[in-house]
Amino acid sequence: MGDVAWVLELVVEQAQRAGSIIRNIRQFIQKEESERRAVDVNAAIREATGLVQNEALQCNATIELELQEGLPSISGDSVHLPQVVLYLARNGLEATRDSVDGDRLLSIRTAFKNAVNVEIIVEDSGPGMPADICKRMFDSFFTTKDEGMGMGLSICRSIIDAHGGKLSVDEEKKGGAAFRFVLPAAENAEI
């Protein structure tokens, strides 16, 4: 009976820890709304990719930027948005480590879409993901990593949602992964 009580205590502790994480994330997102300002998306991407250059070198990958010049600013948090790019870039670089054929490449592109939205695409040349993984990857606590908590993509989606945008993954892509997020340009954002 002692083993069962010990296991139950561990389950309760983990549930309390998970609840604490979720409360902290909610507070994080709510605070974000009050700190919005004009953000240069291309500058945020350059900042984030500068932080992963060493990781790219370690996995023998190339980071390729195709940033449309003259993009309008978006209204958002100048810290949280680069963190989304940083997280997606790190995931992409990790995925390229598993590539056996061809070049290891992380590509980040920006574009002005429909005269109202800024689109950012983070694409890697890794092995890709099965459709069942794509359907669950934004779920809290879902992970394919041995040491992952399953919160990174969920947090990224929450940040993008809080900015009036949408984060998705290309479920039809064969080989590699392509994450796309669309954010309203500053003049179209609700501030």
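When a residue number appears, it is its place in the shown sequence, counting from 1.
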Using 0.5 Å steps for rounding, measure from the [atom1] atom of [X] to the [atom2] atom of [Y].
X    : Y    : atom1 : atom2 : result
L71  : K113 : CG    : NZ    : 11.0 Å
I120 : I74  : CD1   : CD1   : 7.0 Å
L81  : I160 : CG    : CD1   : 5.5 Å
I159 : Q83  : CD1   : CD    : 6.0 Å
T110 : F181 : OG1   : CZ    : 10.0 Å
F179 : L167 : CZ    : CG    : 7.0 Å

Quick one: list whatever passes side chain to side chain donor-acceptor pair (under 3.5 Å) with S107, sequence neighbours left out.
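Testing S107 for side chain to side chain donor-acceptor pair (under 3.5 Å), a comparison that skips the adjacent residues, returns R109.
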
Between A38 and S73, what is the shortest heavy-atom contact and its length?
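For A38 and S73, the tightest heavy-atom pair comes out as CB-CB, 3.9 Å.
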
Indicate yes or no for a side-chain donor-acceptor contact from [X] to the backbone of [Y] under 3.5 Å, with no hydrogens or angles considered.
X    : Y    : result
T96  : R104 : no
Q68  : F112 : yes
D124 : G126 : yes
N117 : V182 : no
D40  : N42  : yes

Using residues 50-63 as the side-chain source, report each donor-acceptor pair under 3.5 Å to any protein atom, sequence neighbours left out, with the distance given to one decimal.
residue, atom, partner, partner atom, Å
E55, OE1, R90, NE, 3.4
E55, OE2, R90, NE, 2.7
E55, OE2, R90, NH2, 3.1

What salt bridge (Lys or Arg N to Asp or Glu O under 4.0 Å) pairs are there with at least one residue in residues 78-87, not counting sequence neighbours?
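Listed once each, the pairs would be none.
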
